[in-house]
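Since this is a predicted model, take the numbers as computed values, not measurements. Start at 1 and go down the list; that is how both ligands and their atoms are numbered.
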Amino acid sequence: MGYKIAIAGATGNVGREMLSVLAERGFPADIVVPLASRRSIGTEVSFGDKTLKVKDLATYDFSDTDICLMSAGGSVSKEWSPRIAAQGCVVIDNSSAWRYDAAVPLIVPEVNADAVTGFRAKNIIANPNCSTAQLVVALKPLHDVATIRRVVVATYQSVSGAGKEAMDELFSQTRAVFVSDPMESRKFTKRIAFNVIPHIDVFMEDGSTKEEWKMMAETKKILDPKIKLTATAVRVPVFVAHSEAVNIEFEKPITAEEARDILREAPGVLVVDKHEDGGYVTPVEAAGEDATYVSRIREDATVENGLSMWVVSDNLRKGAALNAVQIAELLVNRKLIQAKQRAA
Ligand SMILES: NC(=O)c1ccc[n+]([C@@H]2O[C@H](COP(=O)([O-])OP(=O)(O)OC[C@H]3O[C@@H](n4cnc5c(N)ncnc54)[C@H](OP(=O)(O)O)[C@@H]3O)[C@@H](O)[C@H]2O)c1
């Protein structure tokens with residue numbers, strides 16, 4: 001018997017991608033149920049060649065559901081994940097609501113799959129922030145060989161990371177520039193069309209933003225608490241896929257050539273690094289793909305054992321939906337959950 005999977009937030013950017021990824025990867029699900037707010041009851045979403053009708057999360061009974069992939073935002077998750085988990089349904093959550101809870105595993109399967117074993121404490125597993133997921137996939141194989149001491153990262157994050165309304169805002173502002181219409185900013189603090197904004201999530205007391213803090217805290221939890229990380233998170237007028245300029249200091253010597261060879265063998269990574277025009281990956285090529293692409297790998301001679309590189313991945317896939325489905329596959333492949341008995 002296959003599994004029964006619910007997708008909470010199925011009408012959103014990440015939820016729709018979750019439905020695509022489940023279908024593409026042939027996840028062993030007998031039943032897939034799309035859920036969202038009451039506003040979306042009856043809305044149709046695609047699952048492979050099927051069309052499914054959205055149901056209301058607030059009135060849904062999870063008692064015979066095995067896994068809920070949750071991507072309905074932090075406040076919805078805080079309220080609903082414990083209730084869903086209490087019905088014996090494992091929640092894999094995309095928001096930041098549970099990531100820093102010591103009793104909740106924060107998982108990127110290529111990096112710390114073994115940490116998933118503690119998930120029964122709360123029946124909740126957290127997916128990292130989109131920028132962290134692609135970063136740790138690229139850092140882990142290098143850390144294993146040369147031990148990372150410090151990371152300095154600047155992100156170039158696409159508007160899809162802020163939800164479907166943010167994508168609409170970039171589209172309508174871009175159009176407004178060309179037809180000289182008045183422009184409105186609702187999702188972003190400043191105009192995003194033909195601009196960049198060095199501000200994602202709320203400000204912290206020390207002047208950094210929560211997005212920057214998340215990258216530091218999550219890298220420590222997933223990869224190694226000893227790694228020091230400082231980030232500058234920037235929103236750019238790109239629809240899908242986040243880019244990162246990453247500078248790394250290692251404890252042991254490592255050359256650019258060694259790093260390239262290590263990353264070529266690493267799970268989830270594709271190295272595209274030719275020293276010629278276009279010999280690197282940009283967000284347009286990474287959108288819709290599963291890999292974390294690494295380009296522009298080079299030695300940084302200004303520090304001992306330093307490397308710089310450029311990391312690009314689809315934030316809706318590895319940064320969210322794909323990673324969540326990979327966690328579900330981990331539970332199934334390691335036989336950590338059994339499909340519940342359901343009436344025929
Ligand atoms: N986008 C990314 O790159 C990314 C990456 C990692 C994590 N995440 C996280 O994933 C979550 C979803 O992001 P998104 O980009 O998909 O946002 P989105 O496009 O704005 O979609 C939000 C989804 O949540 C649903 N929802 C909102 N309020 C609800 C409620 N009270 N009850 C039930 N469903 C409700 C919406 O349903 P309606 O259509 O009915 O309103 C919609 O399906 C967020 O927590 C986000 O931080 C996003």
Exercise answer, ligand 1 polar atom pairs (N/O) under 3.5 angstrom:
{"residue": "ligand 1", "atom": "1 (N)", "partner": "Ser160", "partner atom": "O", "Å": "3.0"}
{"residue": "ligand 1", "atom": "3 (O)", "partner": "Asn315", "partner atom": "ND2", "Å": "3.0"}
{"residue": "ligand 1", "atom": "16 (O)", "partner": "Asn13", "partner atom": "N", "Å": "3.2"}
{"residue": "ligand 1", "atom": "16 (O)", "partner": "Val14", "partner atom": "N", "Å": "2.8"}
{"residue": "ligand 1", "atom": "19 (O)", "partner": "Asn13", "partner atom": "N", "Å": "2.9"}
{"residue": "ligand 1", "atom": "19 (O)", "partner": "Lys164", "partner atom": "N", "Å": "3.1"}
{"residue": "ligand 1", "atom": "34 (N)", "partner": "Ser37", "partner atom": "N", "Å": "3.2"}
{"residue": "ligand 1", "atom": "37 (O)", "partner": "Thr11", "partner atom": "OG1", "Å": "3.2"}
{"residue": "ligand 1", "atom": "39 (O)", "partner": "Thr11", "partner atom": "OG1", "Å": "2.5"}
{"residue": "ligand 1", "atom": "39 (O)", "partner": "Ser40", "partner atom": "OG", "Å": "3.2"}
{"residue": "ligand 1", "atom": "39 (O)", "partner": "Lys164", "partner atom": "NZ", "Å": "3.0"}
{"residue": "ligand 1", "atom": "40 (O)", "partner": "Ser37", "partner atom": "N", "Å": "3.2"}
{"residue": "ligand 1", "atom": "40 (O)", "partner": "Ser37", "partner atom": "OG", "Å": "2.6"}
{"residue": "ligand 1", "atom": "40 (O)", "partner": "Ser40", "partner atom": "OG", "Å": "2.5"}
{"residue": "ligand 1", "atom": "41 (O)", "partner": "Arg39", "partner atom": "NE", "Å": "3.3"}
{"residue": "ligand 1", "atom": "41 (O)", "partner": "Arg39", "partner atom": "NH2", "Å": "2.7"}
{"residue": "ligand 1", "atom": "43 (O)", "partner": "Gly9", "partner atom": "O", "Å": "3.1"}
{"residue": "ligand 1", "atom": "43 (O)", "partner": "Thr11", "partner atom": "N", "Å": "3.3"}
{"residue": "ligand 1", "atom": "43 (O)", "partner": "Thr11", "partner atom": "OG1", "Å": "2.6"}
{"residue": "ligand 1", "atom": "43 (O)", "partner": "Gly12", "partner atom": "N", "Å": "3.0"}
{"residue": "ligand 1", "atom": "45 (O)", "partner": "Gly73", "partner atom": "N", "Å": "3.3"}

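Without hydrogens or angle criteria, Gln173 side chain to Glu184 main chain gives a donor-acceptor distance under 3.5 Å. Counting only distance, with no hydrogens or angles, the side chain of Gln87 and the backbone of Phe62 share a donor-acceptor pair below 3.5 Å.
No single ILVMFWY cluster, assembled from side-chain heavy atoms under 4.5 Å apart, contains both Leu307 and Val152.
Between Tyr100 and Trp213, a ring centre-to-centre spacing shorter than 6.0 Å is recorded.
Considering CZ of Arg99 and OG of Ser77, their distance stands at 10.0 Å, rounded to 0.5 Å.
A perpendicular orientation is assigned to the rings of Phe194 and Phe178, their planes being inclined by more than 60° (bins at 30° and 60°).
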